[in-house]
Every structure is written in C-alpha cells, then in structure tokens.
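Numbered from 1 within each chain, the chains take letters A, B, ... in sequence-line order.
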Amino acid sequence: MARPNDEVEDLFQEYADLLSITGGDAFKVRSYEKAARAIGGHHEDVSTLDAKALRAIPGVGKSIADKVAEYFATGSVRAVEEARAKIPDGVRRLVAIPTLGPKKAAALYHDLGISSVDELVAAIHGERLRGLKGFGLRTEENILRGVELLRQSGGRVLLDAALAVADEIVAVLSAVPGCERCEHAGSLRRFRETIGDVDVLAAAHDSAPLMRAFRELPLVAEVIVAGEKKTSIRTAEGLQVDLRVVPPSAWGAALQYFTGSQAHNVRTRVLAVHAGLKLSEYGLFDAASGELIVSETEDEVYDRLGLPWIPPTLREDRGEIEAAQRGELPELVTETDLLGDLHTHTDLTDGVASLEDMVRAAAARGYAYYAITDHAPDMAMQRMSDEKILAQRERVRKLDGTVAGMRLLHGTELNIGPDGEVDWPESFLRGFDLCVASIHSHFTQDRATITRRLVRAAENPCVHVIGHPTTRLIGRRGPVDVDLAEVFRACARTGTALEINSAPDRLDLRDEDILLAKRFGVRFAINSDAHAVHHLGFVRYGAGTAQRGWLTKDDVINTWPLERLREFLGSAQAQQ
DNA sequence: GCCGTTTTCGGCCCGACTGTTTTCAGTCG
C-alpha cells in the first residue's frame, strides 16, 4: 500500500491538475501543488494527525486540512469528485506529455473532444489540429516526440514504485505458514532503472496457501493466471506481479534462473553444457544421467560451474562471467558503505523540510557527515541571496557536531548556465565546503555547446561535483546531447566527481555511463538530492545503480572518511 | 487557498525559452 501521505499527495496533485485544466485560479492551483508536495514530504503519517497538527504543515490551511480529514473519514473528497466529473481522466493524462500543459489539453478537449493520448495521436495524423489556434506544425512534432518518450517507458515503472510493491508482497508472504523463503527476483533484484513486471519467488512444500494469500492481497486489482506453480496478478496501477513457488530444495536454482538477466542465464547454461551438465530453474543436473547435483543455494550452483557467487547487479553479461572466472569480480560498493550525503535541500529553497529535520534524519541513518546544498541565485524561482545563504551557514556551523556527532558541510547546488558559468564569483564560492554544479535549463543546446558547458563547469576550481550530469528524467525527458567521454576526461583531469543522483526518476549517471566514466579514472558521489526527509533513503537506488556500473568503495568519495573527503575537496580547489 | 516585523486583505516564484504570433500565451525549471 502507498503511504497515506503519498495517497493525499497524489489526490491534491490531481486536483491541482484538474483545476488548471478548467482554468481555475492559478494561485489556488499552486496552493494545492505546494500542499501536495509538503504532505508527501512530511515525516509524520497524515492519517494520524488532528486538525491542528495538519495545519502546522507549511502550506496547509483550514480548507486543505478539512479535505485531508474528509478523505480519511469517507475515502474521498467531494470537491475532487466534482472536478473529476467535469474532466475525463484521459484529458488529465495529456499533460504528462512534455510540452503539453493544461491550457493546450483544455483546448484539445473542448475544441476537438480529445480525451486520450491515442486520440490525440490519431488527430495529429488526421491533420485535425490544423487551424486550431495556438497549434502549429512544430507543436505537433513536439507532441509526437513527447508521446514517443512516454511510450518508451511504456508499461515500465520506476524502481521505487516496484520495490514498494515487492517489499509489501514479500513481507506478507513470508508470514504465511509453510513459507520457508521469499524474495523478489528478476530485473528488480538486479536494480534495473525501470521494471516491466515484478517477480517474486517463494519456497514451500505446499504452494496453495501462498497462492491464496497472494491472490487475496489488497493491492490485487486483477488475477491474470492462477496455477499451482505460478500466479500472476495486476495491481490497480497496472503493474504485473508474478509469484512462483518452488520446493525448498530448488530455491537456489530457481532464484538464479528468475533473477536473470536472460543474457547472463544463457552464458551460465552454456558453461554447464561444456561441463557435461544441464542448468534449469529446478537445479544443476548431470546431462547424461539426469541426476540432480545441486539446487539449494545460488552459491552452490555458481560453485559447481566453477564460479564465485555473482552479485545480481552484475548479471547482465557485461563481462561478469569472465571476471568471475579470473577471480576478478569487483567488491561492489553498498548502501551501508556510504558515510554521508553530499547533495540535499531544505525549505530555504525547494525542499519541504527544515534544516534541523533534515540533519536529524541524516544522523538517524548513521551518517558521519552530511552536506546541505540548497540552490543558488541563478535559479531565479528559488530567490536565493548572499544574505540568506550566509545566514544558513551560521545555522549550519552552530548545528555542526551537535546531532549524534555528525559533521556538517555547508555547500550549494550551483546552476551551470548556458555558457558553463556558475552563480557566484570565485571569492564567494571559496566560502563553501562543497559545491555541486548542475544543468537546469537550455537542455536542447547542440552537442558541442553542452559538452563545452560541462567541461567548463568541471574546470571551475570551486566545483567539486557535477550533479545529475545528463539531466534526463526517466520517461519524461531524454539526456542532453553530450560527448560524455570528453566530460569524463575533464573530470578525471580536474579531480571533479560525477554524481550518481539517486532520485528514482533520475538515476543519473546511469549504469552504462558509469562503466564508461570509471575507465577514465573519475570519482563518483552517490547522492540523494533529497527535497524531503524520506528522500534520504533514495541512496538505496543510487547504490544499486553504482553496483551496475561495477563501482567499488574506493571509487565513491562519500564512502571515504571525512578527512580523506576534505582532502579531495581541498585539492580540487588548489588545482589550476 | 495560504499566509502575515499580520489582524484582514493583498500578494503570492521569477525569468527565459518556444512557437505562434506580430505582441503574446503556454510551458518549464
């Protein structure tokens, strides 16, 4: 189940969308968006809060607090239901298309009766948009490109959504009597950036109670197939989940088989054949006699193939078999290796939690150090000023070391402008412990310009980390067109780290880019880019992505002790 | 709809780009 806070966030975001499509007051729309974000990022469960506590959340006043209460009392909100009655859900989905906002969606619906993405595409191809005010040929092209982007991620969900579903199912099934083991497998276990369907594997002598419990889960919207060995369901959000139940003796072989990837499995089966064996989801067998050799653990299966156990995040047939044969598998960085987070926000800019709340939550994760990196003035909407950032620095210095001994770094997330310049002059930047620099606009510049822009940022002696280097948003915006090798070369030369932004809709750098960057000898930082307390946990996805890029602890600067990190930050400034 | 070096209503996130226009609306971060 979604967190109650997430349910309310989705509800108010939907209401804001509907209000904007119906031409409602823009400030009212913004109020609901702001409240949605604040509630989604709030640390307490809003379903347990009374009116007074609800109104203590920034952006929540009487009207919105009443609607939250109404939602938990009745299961719905009358005002939202009324808005839904006016605008078909398909019209709201149109605004998910990049470059298509509420005004254009409203025009398409009212003038042409278009109420779904499919109808819109058909209308464009039927040239029915020609002559519609505000819609030219370029607009049509942009819409079609946006739809294509949406469909590329089509049916696939982000890691966090898939993991939330998987975690819930595994927790419930593990408690069913007779269940000896239960884990998620598939691309989710390999931490792929998007997930087509969730695979859950369980071990039991009798599968019936597990299959029944699975079918009766509250999140099940539809049972697709129900058998003795396999059951598939679909959630209300459209995510397919497959449960396979195997005998406990076959656990290891099944887990290996259902974890994949397919390419990795092909390689392991070929290895088996060459050794006179046969590998299937039921075990490793002697090819001639059909006698079972091993099947109980993954370790045994790999061992009998002459390999050490291979971490799931490496199982893509990208050289892991060969590395394993040579005994050269990397010792992968893990989430628990992280000693701190180097890219986080507070409510001084676009975060929703206070400095103190963020610091407390970071300390609760056991971090040794933590950097606060709010936006700088060039992001005009954030209204940052020298005075505000210096006042924050005072507060950071006072808090430093007072919460569980955690050390604080005062930093900023600079904006890399169209020519590669950043917000403040060098004299001011030297006052920060750490500067992340990221691109936030001008995404469509040509390859040479973007490359030069990022190289210039890396060459800036005050920039320590390049944030979300390709700026892609999964399913919504492609990466900028850039010569990554050139950027990686510059980062290696200047001692500038590359971020692995852990936000599940970014995961930027992505795994393939990390593999390439590592070859240039670049260092990395696995950061949450948290805008709320619960975002700090995003580093789980960043660490998984780093593993898919074959990174070890030594490659990642925020696994280093503070002293070594400070040396790295200092030497970057000393250069050039 | 929220908020207030607040007290009851006026301001609220600003600037730039894109595409459609020919002076601006819509979208985005």
> Identify which nucleotide among B/dT20, B/dG29, B/dG1 has an atom closest to any side-chain atom of A/Lys28, counting heavy atoms from C-beta outward.
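The nucleotide sitting nearest to the side chain is B/dG1.
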> Take atom C1' in B/dG1 and the same atom in B/dT5, then report the distance between them in whole Å.
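The answer is 24 Å between these two C1' atoms.
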> Nearest-Å distance, CG (A/Asp25) to C1' (B/dG11)?
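After rounding, the reported distance stands at 12 Å.
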> When you measure from the centre of the six-membered ring of A/Phe443, is the NZ or CZ of A/Arg477 closer than 6.0 Å and no more than 45° off the axis?
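The answer is yes, since A/Arg477 meets both limits relative to A/Phe443.
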> Output the rounded distance in Å from NE2 (A/His375) to P (B/dG15).
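After rounding, the gap between these two atoms is 17 Å.
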> Please report, rounded to the nearest Å, how far the P atom of B/dC17 is from the CD1 atom of A/Ile439.
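Value for this atom pair: 15 Å.
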> Provide the full list of side-chain hydrogen bond (donor to acceptor under 3.5 Å, both in side chains) pairs with a residue in residues 40-52 of chain A, sequence neighbours left out, each pair given once.
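Only A/His42-A/Glu44, A/Asp45-A/Ser47 qualify under side-chain hydrogen bond (donor to acceptor under 3.5 Å, both in side chains).
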> Taking the C1' atom of each, how far is B/dG29 from B/dT22, in whole Å?
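It comes out at 28 Å once rounded to the nearest Å.
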> I need the CZ-P distance between A/Arg383 and B/dG15, as an integer number of Å.
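Computing the A/Arg383:CZ to B/dG15:P distance gives 9 Å.
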> Taking the C1' atom in each of B/dT6 and B/dG11, what is the distance between them to the nearest angstrom?
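My reading of the C1' atoms in B/dT6 and B/dG11 gives 13 Å.
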> What distance, rounded to whole Å, do you find between the two P atoms, one in B/dT18 and one in B/dC12?
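The answer is 28 Å between these two P atoms.
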> Quick check: any donor-acceptor pair below 3.5 Å linking the side-chain of A/Ser31 to the base of B/dG1?
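It does, because a donor-acceptor pair links the side chain of A/Ser31 to the base of B/dG1 below 3.5 Å.
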> Ignoring backbone atoms, test whether A/Arg477 places a side-chain nitrogen or oxygen under 4.0 Å from the OP1 or OP2 oxygen of B/dG29.
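For B/dG29, OP1/OP2 do have a side-chain N/O of A/Arg477 under 4.0 Å.
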> Can you identify which nucleotide, out of B/dC2, B/dC14, B/dG29, has its nearest atom closest to the A/His440 side chain?
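Nearest nucleotide to the side chain: B/dG29.
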> Assuming nearest nucleotide by heavy-atom distance, tell me which of A/Thr139 and A/Val95 is located more 5' along DNA chain B.
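Its nearest nucleotide lies further toward 5', so the answer is A/Thr139.
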> On the nucleotide B/dG26, are OP1 or OP2 found under 4.0 Å from the side-chain N or O atoms that A/Lys103 carries?
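For B/dG26, OP1/OP2 do not have a side-chain N/O of A/Lys103 under 4.0 Å.
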> Check every strand shown and say whether A/Val60 touches a base, only sugar-phosphate, or nothing at a heavy-atom separation below 4.0 Å.
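A/Val60: backbone/sugar contact only, no base atoms under 4.0 Å.
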> Tell me the partner of B/dT8, counting only Watson-Crick (N1-N3 plus N6-O4 or O6-N4) or G-U wobble (N1-O2 and O6-N3) with both under 3.5 Å; none if nothing fits.
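Base partner found: none.
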> Is the gap between the ring centers of A/His440 and A/His442 under 6.0 Å?
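Not close enough - the centres of the two rings lie 6.0 Å or further apart.
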> With a 3.5 Å cut-off and sequence neighbours excluded, list the donor-acceptor pairs that the side chains of residues 100-111 of chain A form with protein atoms.
{"from": "A/His110", "atom 1": "ND1", "to": "A/Ala106", "atom 2": "O", "distance (Å)": "3.1"}

> Is the count of non-hydrogen atoms from other residues, nucleotides or ligands lying under 6.0 Å from A/Arg489 atom CZ greater than 12?
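Above 12, so yes.
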> Determine the contact category for A/Lys34: base if any of its heavy atoms lies under 4.0 Å from a base atom, sugar-phosphate if only primed atoms, P, OP1 or OP2 are that close, otherwise nothing.
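Nothing, no nucleic acid heavy atom in range.
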> If the P atom of B/dC3 is compared with that of B/dC13, how far apart are they to the nearest Å?
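These two P atoms come out 12 Å apart once rounded.
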> Is it the case that the side chain of A/Glu413 and the backbone of A/Ala376 share a donor-acceptor pair, with hydrogens and angles ignored and the cut-off at 3.5 Å?
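Such a contact is absent between A/Glu413 side chain and A/Ala376 backbone.
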> Could you check whether A/Arg393 makes a cation-pi contact with A/Phe432, meaning its NZ or CZ is under 6.0 Å from the centre of the six-membered ring and within 45° of the ring axis?
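Yes, cation above the ring, under 6.0 Å and within 45°.
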> Between B/dT21 and B/dC17, how far apart are the two C1' atoms, rounded to whole Å?
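Here B/dT21 and B/dC17 have their C1' atoms 15 Å from each other.
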> Take atom CZ of A/Phe135 and atom P of B/dT18, then tell me their distance rounded to the nearest Å.
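Atom-to-atom, A/Phe135 to B/dT18, this comes out as 19 Å.
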> Please tell me which of the listed nucleotides, B/dG29, B/dC12, B/dT27, lies nearest to the side chain of A/Arg30?
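From the listed options, B/dC12 comes nearest.
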> Does the side chain of A/Asn142 get closer than 4.0 angstrom to OP1 or OP2 of B/dT18 through an N or O atom?
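False: A/Asn142 side-chain N/O out of range (4.0 Å or more) of B/dT18 OP1/OP2.
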> Rounded to whole angstrom units, what separation is found between the CZ atom of A/Phe27 and the P atom of B/dC13?
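Result: 8 Å.
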> Taking atom C1' of B/dG29 as reference, at what distance in whole Å does atom NE2 of A/His468 sit?
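Going from A/His468 (NE2) to B/dG29 (C1'), I get 10 Å.
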> Check the distance between B/dG29's P and A/Asn415's CG and give it to me in whole angstrom.
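From A/Asn415 CG to B/dG29 P: 13 Å.
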> Nearest heavy atom decides the nucleotide; on that basis, is A/Gly136 or A/Pro102 closer to the 5' end of DNA chain B?
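The residue mapped nearer the 5' terminus is A/Gly136.
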> Donor-acceptor check, side chain of A/Glu499 to backbone of A/His468, threshold 3.5 angstrom: yes or no?
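Yes, because the side chain of A/Glu499 sits within donor-acceptor range (under 3.5 Å) of the backbone of A/His468.
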> Quantified in whole Å, what is the P atom distance between nucleotide B/dG15 and nucleotide B/dT20?
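One P to the other, the span is 26 Å.
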> Run the salt-bridge test on A/Glu140 and A/Arg130 with the 4.0 Å N-O cut-off and return the result as yes or no.
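Salt bridge flag = yes for A/Arg130 with A/Glu140.
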> Within residues 441-456 of chain A, find the residues that approach DNA chain B with a heavy atom at under 4.0 Å, and present them sorted by residue number.
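Close to the strand are A/His442, A/Phe443, A/Thr444.
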